[in-house]
Amino acid sequence: MNGPSTLHDPNEIHKPRRGLRAVLESKKHQRQPFAEYRRFVQHHYDGIAGKLTHVTGILTGHAVLAGRVFRPSGFDVRGCKRILDAGCGNGRYTKNILRWADPDALITAFDLSQSMLRRARRYLKSSRISHVAADVTRLPYPDNFFDCVVCGWMLEHLPDPLPGLRELARVLQPAGKMLLMVTEDTVTGAVCSRMWHCRTYNRHELRRVCDACGLEWRRPLYFTRIHRVFRLGGIIVELVKR
Ligand SMILES: C[S@@+](CC[C@H](N)C(=O)[O-])C[C@H]1O[C@@H](n2cnc3c(N)ncnc32)[C@H](O)[C@@H]1O
């Protein structure tokens with residue numbers, strides 16, 4: 001999908017943060033050209049950060065919480081036949097997709113980092129999953145190839161989300177569904193951004209980018225009621241391609 005964008009100014013999609021959030025949020029992605037930052041991200045996940053994702057997943061509760069999103073009352077992958085896990089990392093979400101998806105559904109999981117892919121392959125052995133090394137801004141799939149896309153905590157590694165989100169929208173078929181999870185511009189989100197050297201989003205700016213990519217904001221989701229009330233856990237949203 002190469003539709004025109006209504007967003008050209010990066011400041012439109014990254015409004016300056018204020019107060020504590022401004023101090024805490026990582027600025028790494030703003031200080032270097034994208035190609036250089038992407039190389040940094042790749043090395044980051046190839047190295048110690050990638051090794052730590054398993055442990056931090058347990059400590060933050062994400063390892064367990066990830067499963068809650070896919071319950072039938074949440075993001076329902078039943079009925080989908082070609083599912084893409086974008087920026088699959090160590091396979092935490094792929095595992096849950098596999099658990100809930102139809103037995104004949106095929107899952108493609110890609111990541112920039114070869115080490116993360118190795119971890120994912122070790123973690124999940126299934127003939128229904130293919131692991132692929134790819135960059136979200138240049139996906140090796142034809143238009144409308146998937147009927148479902150899951151993208152968890154990866155878009156924050158793009159200083160400008162448009163090229164990546166457009167690619168995800170391009171490979172998703174019309175009326176196909178997407179689960180998008182990103183770090184929010186809260187204080188806890190800013191701390192996460194510092195740890196993982198990524199940016200954050202506020203709901204308003206994310207919604208505008210999704211809209212520019214032809215992705216309709218269907219409903220926000222939350223891990224638990226506590227996450228909803230205290231604005232914890234980041235932005236989790238179900239989208240549909242127009
Ligand atoms: C925080 S981890 C999330 C992993 C997984 N989705 C999860 O939630 O457990 C972010 C992942 O995005 C990958 N990533 C970052 N930038 C990427 C890009 N441009 N293309 C593909 N993957 C990317 C990283 O290598 C890393 O594995």
Side-chain angles (χ1 to χ4, degrees), residues 10-31 37 40-41 44-45 47-71 74-75 85-93 95-96 111-113 116 136 150-161 164-165 178-210 217-239:
N11 292 325
E12 281 285 292
I13 45 183
H14 197 161
K15 294 203 173 6
R17 309 296 185 230
R18 293 175 203 283
L20 189 56
R21 289 173 304 165
V23 177
L24 290 174
E25 187 169 327
S26 168
K27 321 278 181 307
K28 187 135 193 116
H29 60 280
Q30 296 167 345
R31 291 198 180 123
Y37 172 68
F40 164 80
V41 170
H44 189 58
Y45 282 98
I48 187 80
K51 281 196 184 120
L52 285 176
T53 52
H54 189 65
V55 179
T56 54
I58 294 169
L59 292 178
T60 59
H62 264 82
V64 175
L65 294 171
R68 295 180 66 96
V69 183
F70 292 95
R71 290 172 308 175
F75 186 75
D85 185 1
C88 62
N90 62 14
R92 178 168 53 183
Y93 284 91
K95 181 183 168 197
N96 285 292
D111 201 280
L112 192 62
S113 155
M116 291 313 280
V136 68
V150 171
C151 179
W153 321 109
M154 184 260 270
L155 208 66
E156 44 275 75
H157 290 297
L158 300 185
D160 176 0
L165 203 55
M178 184 185 296
L179 176 67
L180 183 60
M181 294 170 272
V182 299
T183 306
E184 191 164 11
D185 67 335
T186 56
V187 171
T188 47
V191 173
C192 288
S193 97
R194 180 57 63 130
M195 275 176 63
W196 301 102
H197 303 289
C198 61
R199 57 165 294 176
T200 65
Y201 290 89
N202 69 47
R203 285 173 194 256
H204 177 70
E205 66 196 7
L206 185 67
R207 196 173 181 145
R208 289 195 58 200
V209 183
C210 291
W217 194 280
R218 186 167 268 188
R219 61 177 175 149
L221 294 166
Y222 299 88
F223 286 131
T224 65
R225 272 200 205 124
I226 294 172
H227 286 86
R228 183 202 304 254
V229 172
F230 294 103
R231 267 185 88 199
L232 295 170
I235 305 174
I236 307 178
V237 60
E238 178 170 338
L239 304 157

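None of the values given here were measured: they were computed from a predicted structure.
Of all the heavy atoms in Ile235 and Asn202, the pair that sits closest is CD1-C, 3.9 Å. Shown here for Pro159 and Pro161, the closest heavy-atom pair between the two residues is O-CD, 3.8 Å. Shown here for Trp217 and Arg203, the closest heavy-atom pair between the two residues is CH2-O, 3.9 Å. The two residues Lys27 and Arg194 come nearest to each other via the heavy atoms NZ-NH2, 4.2 Å.
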Using the side-chain contact (heavy atoms from CB on, under 4.5 Å) rule, take Cys210 and Leu165 through it: C-alpha gap first, then chi angles, then the decisive distance, then the call.
CA-CA 7 Å; Cys210 291; Leu165 203 55; 3.9 Å; yes

Please evaluate residues Met116 and Asn90 with respect to the criterion side-chain contact (heavy atoms from CB on, under 4.5 Å), reporting the C-alpha separation (whole Å), side-chain torsions for both, the decisive distance (0.1 Å), and the verdict.
CA-CA 5 Å; Met116 291 313 280; Asn90 62 14; 4.1 Å; yes

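Using a 4.5 Å heavy-atom cutoff, the side chains of Arg31 and Tyr37 are not in contact. Using a 4.5 Å heavy-atom threshold, the side chains of His157 and Phe40 count as separate. Looking only at side-chain heavy atoms (C-beta outward), His197 and His29 stay at 4.5 Å or farther from each other. Taking 4.5 Å as the limit, some side-chain heavy atom of Trp196 sits within range of a side-chain heavy atom of Thr53. Residues Val150 and Met181 form a side-chain contact, since some pair of their non-hydrogen atoms from C-beta on lies under 4.5 Å apart. Ile236 has its side chain within reach of Phe223: a pair of non-hydrogen atoms, C-beta onward, lies under 4.5 Å apart. Between Thr183 and Trp153 the shortest side-chain heavy-atom distance falls below 4.5 Å. By the 4.5 Å heavy-atom criterion applied to side chains, Tyr201 and Leu180 are not counted as neighbours.
Residue Ile226 places its CD1 atom among 12 or fewer non-hydrogen atoms of other residues, nucleotides or ligands, all under 6.0 Å distant. Heavy-atom contacts from other residues, nucleotides or ligands closer than 6.0 Å to NZ of Lys51 number 12 or fewer. Atom CZ of Arg219 has more than 12 heavy atoms from other residues, nucleotides or ligands within 6.0 Å.
A salt bridge links Asp185 with Arg231: the closest approach of a Lys/Arg side-chain nitrogen to an acidic carboxylate oxygen falls below 4.0 angstrom.
Every residue two or more places apart in sequence or in another chain that forms a side-chain hydrogen bond (donor to acceptor under 3.5 Å, both in side chains) with Thr224 is listed here: His227.
For the atom pair CG (Asp111) and CG (Asp85), the distance works out to 9.0 Å, reported to the nearest 0.5 Å.
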